[in-house]
Asks: 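Here it is, the structure in full.
Within every chain, numbering begins at 1; the chains are lettered A, B, ... in the order of the sequence lines, protein sequences first and strands thereafter.
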2 protein chains.
Amino acid sequence: MKFTKVLVAEDTDSNNFGIVAKLKNLGIDTVEHAQYCDNAHLKIKKALLVGEPYQLLVSDLSFDNSNRKSKLSSGEELIEAAKTTQPNLKVIVFSVIDKQTIIKNLLDNLKVNAYVCKGLNGLNELEKAIEKVYQNQQFTCPVATSVLKQQNVLALNKYEQQLLQLLATGYKQNEISEHFKLHKIAPNSVRSIEAHISKLKDTFDAKTTHQLVYMVTSLGLL
Amino acid sequence: MKFTKVLVAEDTDSNNFGIVAKLKNLGIDTVEHAQYCDNAHLKIKKALLVGEPYQLLVSDLSFDNSNRKSKLSSGEELIEAAKTTQPNLKVIVFSVIDKQTIIKNLLDNLKVNAYVCKGLNGLNELEKAIEKVYQNQQFTCPVATSVLKQQNVLALNKYEQQLLQLLATGYKQNEISEHFKLHKIAPNSVRSIEAHISKLKDTFDAKTTHQLVYMVTSLGLL
DNA sequence: TTTATTGCTGTGGTTTTCCGCAAGGGTTTG
DNA sequence: CAAACCCTTGCGGAAAACCACAGCAATAAA
């Protein structure tokens, strides 16, 4: 017993080709694919309408939509829309992204059934994921699993996120203060903003604020 | 007439699978692949040694070498090593990267024969590239071509690069000055460093130095 | 050769950031 | 209830960054 109808959402054709070939290789009858989010969602709706719904969606997270006006522009949006359309659809995320916050969000909030990182053995891990998901179990590949286990991950809360965002956008400390007061975000005194920046420098072990901005940016936290 | 022996260097297996399948589909007899740079280089050396050299290398740029001690860690290094080993080897770069400076460097300095961006139609472009390269012509896919045409691209020269690197690593202006004096890099007065940062803020249209660091980092120039 | 231009550097003064101290408010703990 | 603690906020001084001005040297143009 196995899945018989699967949809692959992945924009780069080389990857798409590889994934589809792999799935067919696993003996899945119907493997269809889409290179755009909107397209994928449409297929899901149509299949449901004619009474032949997909059982599984294998989706990437980032899509190239530079040349399109699209409603759905990311894997997250696609998954959310798909789950609304067809709540019983199983979802496996297959992506290069290995950021704890993103993986956590997908598993906890979007309730995806598995997360597999593209990599040296991505396809093998994808195979394992499909088996587990078919058995109604959750699955994360070794890379994702280890990322999820990491303690003390340098993560930013909403406030710090906003603060650093403004800093990176060219706001001075007093301008940030004014902006926060205007938007009723507290704490908003110049002194507190200063203190928070200082604390962030501590936790990130940055000598200067420039370095802090650099670190946070290159860690993908902004 | 076409290539008969090709090596694919690409770490993620899903991509690798797709590329190899495509090449075989094109009627190329021998398509081999490697997931590590060192491995690829080794294969090239061996093939040359037994008198059956590869005619073409299709290589990615970024490789995952987190779990290895490897001599070659990037596509650039692999290509350089490969060309030293076998100067007549044709090289096609197949990568997601679409940064002008990087593409330019590969074409001009490393003399690669084609540059193709992974994307919606990457495999088709790869096919075109192979044809052109077989005819001893250079090729760049539409995406790469348009990127190369862009004027006024914000690029950094060596000095600015070093300056910003130090800034992002937590050096203060006077420390940068000392560092430059120590390494005989000119100009190195605090005042000049100040002026250069100020000029960079102008050209990048950044209000603060924090923003400058942020912009340069997220543009991938550091 | 003279003139103009450009870039590097120093000086002095302003602005911004940084940091220690302390007062006040709120919550937790004994 | 009081003591302890945490966080915000303001203040003042030090450090760093920023900026306008000017001198100087090297180079380019007349």
Asks: May I ask you to verify whether the side chain of R191(A) and the base of dG20(C) hold a donor-acceptor pair under 3.5 Å?
Replies: yes
Asks: Looking at dA17(D), dT8(D), dC18(D), which one has an atom nearest to any side-chain atom of S192(A)?
Replies: dT8(D)
Asks: Could you tell me the separation between the CG atom of L212(A) and the P atom of dA16(D), rounded to a whole number of Å?
Replies: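 Answer to the nearest Å: 18 Å.
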Asks: So do the side chains of L42(A) and Y36(A) get within less than 4.5 Å of each other, counting heavy atoms only?
Replies: no
Asks: Choosing from dT17(C), dT9(C), dC19(D), which nucleotide comes nearest the side chain of E194(B)?
Replies: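 Output: dC19(D).
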Asks: Looking only at side-chain N and O atoms, does N188(B) come under 4.0 Å of OP1 or OP2 in dT9(C)?
Replies: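 So the side chain of N188(B) is within the cut-off, an N or O lying under 4.0 Å from OP1 or OP2 of dT9(C).
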Asks: Rounded to whole angstrom units, what separation is found between the CG atom of L167(A) and the C1' atom of dT17(C)?
Replies: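 For the pair L167(A) CG and dT17(C) C1', the rounded distance is 11 Å.
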Asks: Report which part of the nucleic acid H196(A) touches: base, sugar-phosphate, or nothing (heavy-atom distance under 4.0 Å, all strands).
Replies: sugar-phosphate
Asks: So, do Y159(A) and F180(A) have ring centers that fall under 6.0 Å from each other?
Replies: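 For Y159(A) and F180(A), the ring centres are under 6.0 Å apart.
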Asks: Can you tell which of dC19(D), dA17(D), dT9(D) lies closest to the side chain of S198(B)?
Replies: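 When the side chain of S198(B) is considered, dC19(D) is the closest of dC19(D), dA17(D), dT9(D).
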Asks: Closer than 4.0 Å, any side-chain N/O of Q173(A) to the OP1 or OP2 of dT15(C)?
Replies: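 Negative; the distance criterion is not met.
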Asks: Once you round it to whole Å, what is the distance between P of dT9(D) and CD1 of I185(A)?
Replies: 13 Å
Asks: Would you say dA17(D) has OP1 or OP2 under 4.0 Å from some side-chain N or O of T209(B)?
Replies: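 So the side chain of T209(B) is outside the cut-off, no N or O lying under 4.0 Å from OP1 or OP2 of dA17(D).
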Asks: In whole angstroms, how far is the P atom of dT16(C) from the NZ atom of K201(B)?
Replies: 11 Å
Asks: Taking the six-membered ring where the residue is Trp, are the ring centres of Y134(B) and F139(B) under 6.0 Å apart?
Replies: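 Between Y134(B) and F139(B), the centre distance exceeds or equals 6.0 Å.
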Asks: Answer yes or no: is there a side-chain heavy-atom contact under 4.5 Å between Q165(A) and Y214(B)?
Replies: yes
Asks: Atom CZ of F180(A) and atom P of dT8(D): how far apart are they, to the nearest Å?
Replies: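 Between P of dT8(D) and CZ of F180(A): 12 Å.
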Asks: For a side chain to side chain contact (heavy atoms under 4.5 Å, CB included) with I92(B), tell me which candidate from V8(B), L126(B), V6(B) qualifies.
Replies: L126(B)
Asks: Write down the distance between CD (E160(B)) and P (dG7(C)), rounded to a whole number of angstrom.
Replies: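 Value for this atom pair: 12 Å.
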Asks: To the nearest angstrom, how far is L200(A) atom CG from dC7(D) atom P?
Replies: 13 Å
Asks: Quick one: K207(A) NZ to dC18(C) C1', roughly how many Å, whole number?
Replies: 17 Å
Asks: How would you label the contact of K199(A) with the nucleic acid (heavy atoms, under 4.0 Å): base, sugar-phosphate, or nothing?
Replies: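 Nothing, no heavy atom under 4.0 Å.
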